[in-house]
Colleague: 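Got a structure for you, questions after.
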Number of protein chains: 4
Amino acid sequence: MQQKEGGYMIILDYKDARPIYEQIVEKFKLLILKGILQKDEQMPSVRSLAVELAINPNTIQKAYMELERQGYIYTIKGRGNFVAENENLLDERREELKMRMFILYKEGKELGMTKADFIDGLREIKE
Amino acid sequence: MQQKEGGYMIILDYKDARPIYEQIVEKFKLLILKGILQKDEQMPSVRSLAVELAINPNTIQKAYMELERQGYIYTIKGRGNFVAENENLLDERREELKMRMFILYKEGKELGMTKADFIDGLREIKE
Amino acid sequence: MQQKEGGYMIILDYKDARPIYEQIVEKFKLLILKGILQKDEQMPSVRSLAVELAINPNTIQKAYMELERQGYIYTIKGRGNFVAENENLLDERREELKMRMFILYKEGKELGMTKADFIDGLREIKE
Amino acid sequence: MQQKEGGYMIILDYKDARPIYEQIVEKFKLLILKGILQKDEQMPSVRSLAVELAINPNTIQKAYMELERQGYIYTIKGRGNFVAENENLLDERREELKMRMFILYKEGKELGMTKADFIDGLREIKE
DNA sequence: GTGGTCTAGACCACA
DNA sequence: GTGGTCTAGACCACG
């Protein structure tokens, strides 16, 4: 498949303040959670992705290490990196989002905003 | 007031990953928005605050610069730093919060969450 | 016996961090020590096992080399690999286990644990 | 204190198969758990330790990152690394040791060893 | 001064 | 071919 061989799914934003490896981690997490990368599918090799993104292999290495640590991929030495099970991960991620919204809400409360203000804000979103 | 001169309102959390100057900025922004520090009131001097928090004066300097840049305080050379008007700031801040909630919502939508999920999440908050 | 020729006794766990050849060594050591593979019985050929496990023959070769080095099998050129005597091996293995327990105990002692703690830990095991 | 300034507490074993950064992590974990390094005490700086051990700063960096990830230290950018609270860590570590002994026991059971064999083995330890 | 990120290039074990 | 570790050296943000 062209789409999975050629110049594909990861795009770096050098204006972004976050480190490159973190952007890569984030992008792959989404690809996995959305099911675009499926269970046991092979990740691009460290070296090939490094060439493709025109960055150092160490940077990819670091990103993959982080992804493995967070349970998104697993590594087989000499073979490559592969997508892990993602059942629980999706739920965890949703919980995390709710938690972040809670923090946002607390911030707002300090500034005199109410629950209703937030709910209205959400309702106003059209798209 | 003693309370505003002596050992007061800013508490640093060194375990926090954010840089110290950023924590200071954040704390002062809240104090100003909540009206605890009022318009034209003098900010603690760079030196005194540095001593009080036992940190480098450069760090305070950087925090004040940032506060000035964001319009929370104004500087009079040779006199000190003073709290600026905060009417518009509060509204801006609320808008910013709504924007951040919108971003959160977009993230959630990518993971299959709906507006209702978020609204439910908000409603569930007791405190 | 079919069971010893066809799809049999070795199952690989790719999620396991250990290299594949090491897993194979470990599995065969157990099969031999438990007497499931008996003295002078022929081991599956390198090629057939490689096909069966769908891995590189080099990996099987490496595993067999290691098994021979540790005295679990012997090789006859042009004929194949065969299970070695296992009398002493079982005792050696038990000694090795005791040694590893001793190391574990030393680690624990450094952290303030006593012999009694370990013995209690063992006693608590139900199954 | 000489002991804490000069050539001190970490000794590398180049014959050890484990990577250097892992040895460093292990050594510091012990120093912290044993209370030799106390809460909020400053760790040697990345660069100074690199010089002292005659290895690359990146290697120390990696070790410290791992220690932080496991909760043994915390980092303040621009200031240094500091020893974290270690209350829970000690208990966790003891639990981990018991778990490892349980695994050892299961291995032994497969080879016909009994609980009694292990307990006897422990009792025989003199030192 | 401190830690954090990144590059370029090397060597090793594993398959 | 794969990933994992390490070195040497650079640049940045923070204090």
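Since the structure is predicted, the reported quantities are computational estimates derived from the model, not experimental observations. Order of the sequence lines fixes the chain letters, A, B, ..., with proteins taken first and strands second; residue numbering starts at 1 for each chain.
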Colleague: Measuring to OP1 and OP2 of E:dG4, would you say a side-chain N or O of D:Gln61 lies under 4.0 angstrom away?
Modeller: yes

Colleague: Out of F:dT2, E:dT5, E:dT7, which nucleotide sits closest to the side chain of A:Arg47?
Modeller: F:dT2

Colleague: Between F:dA8, F:dC14, E:dG3, which nucleotide has the shortest distance from any of its atoms to the side chain of D:Thr75?
Modeller: E:dG3

Colleague: On DNA chain F, check which nucleotide each of A:Glu68 and D:Ala54 is closest to and give me the residue with the more 5' one.
Modeller: A:Glu68

Colleague: Describe the nucleic acid contact of A:Ile20 in one word from base, sugar-phosphate, nothing, applying a heavy-atom distance below 4.0 Å.
Modeller: sugar-phosphate

Colleague: Rounded to whole angstroms, how far apart are CD on B:Gln23 and P on F:dA13?
Modeller: 19 Å

Colleague: Using atom CG of A:Asp16 as one end and atom P of E:dC6 as the other, report the distance to the nearest whole Å.
Modeller: 11 Å

Colleague: Is there a donor and acceptor pair, one atom on the side chain of A:Asn56 and one on the base of E:dA8, closer than 3.5 Å?
Modeller: yes

Colleague: Has D:Thr59 got a side-chain N or O lying under 4.0 Å from the OP1 or OP2 atom of F:dT7?
Modeller: yes

Colleague: Assign D:Asn81 to base, sugar-phosphate, or nothing according to its heavy-atom contacts below 4.0 angstrom with the strands shown.
Modeller: sugar-phosphate

Colleague: Compare the minimum distances between each of E:dG3, F:dG15, F:dT5 and the side chain of A:Asn58, then state the nucleotide with the smallest one.
Modeller: F:dT5

Colleague: Please work out if A:Ile55 contacts a base, only the sugar-phosphate, or nothing of the nucleic acid, heavy-atom cut-off 4.0 Å.
Modeller: sugar-phosphate

Colleague: If the cut-off is 4.0 Å, is A:Ser45 near the phosphate of F:dT2, judged by side-chain N/O to OP1 or OP2?
Modeller: yes

Colleague: Ignoring the backbone of A:Lys62, work out which of F:dG3, F:dT5, E:dT5 is nearest its side chain.
Modeller: E:dT5

Colleague: Round to the nearest Å and state the distance from C:Arg18 atom CZ to E:dA15 atom P.
Modeller: 12 Å

Colleague: Hey, is the side chain of D:Tyr21 poking within less than 4.0 Å of OP1 or OP2 on F:dT5, counting only N and O atoms?
Modeller: yes

Colleague: Using whole Å, report how far CD of D:Gln42 lies from C1' of E:dT2.
Modeller: 8 Å

Colleague: Between D:Lys27 (side chain only) and D:Ile11 (backbone N and O only), is there a donor and an acceptor less than 3.5 Å apart?
Modeller: yes

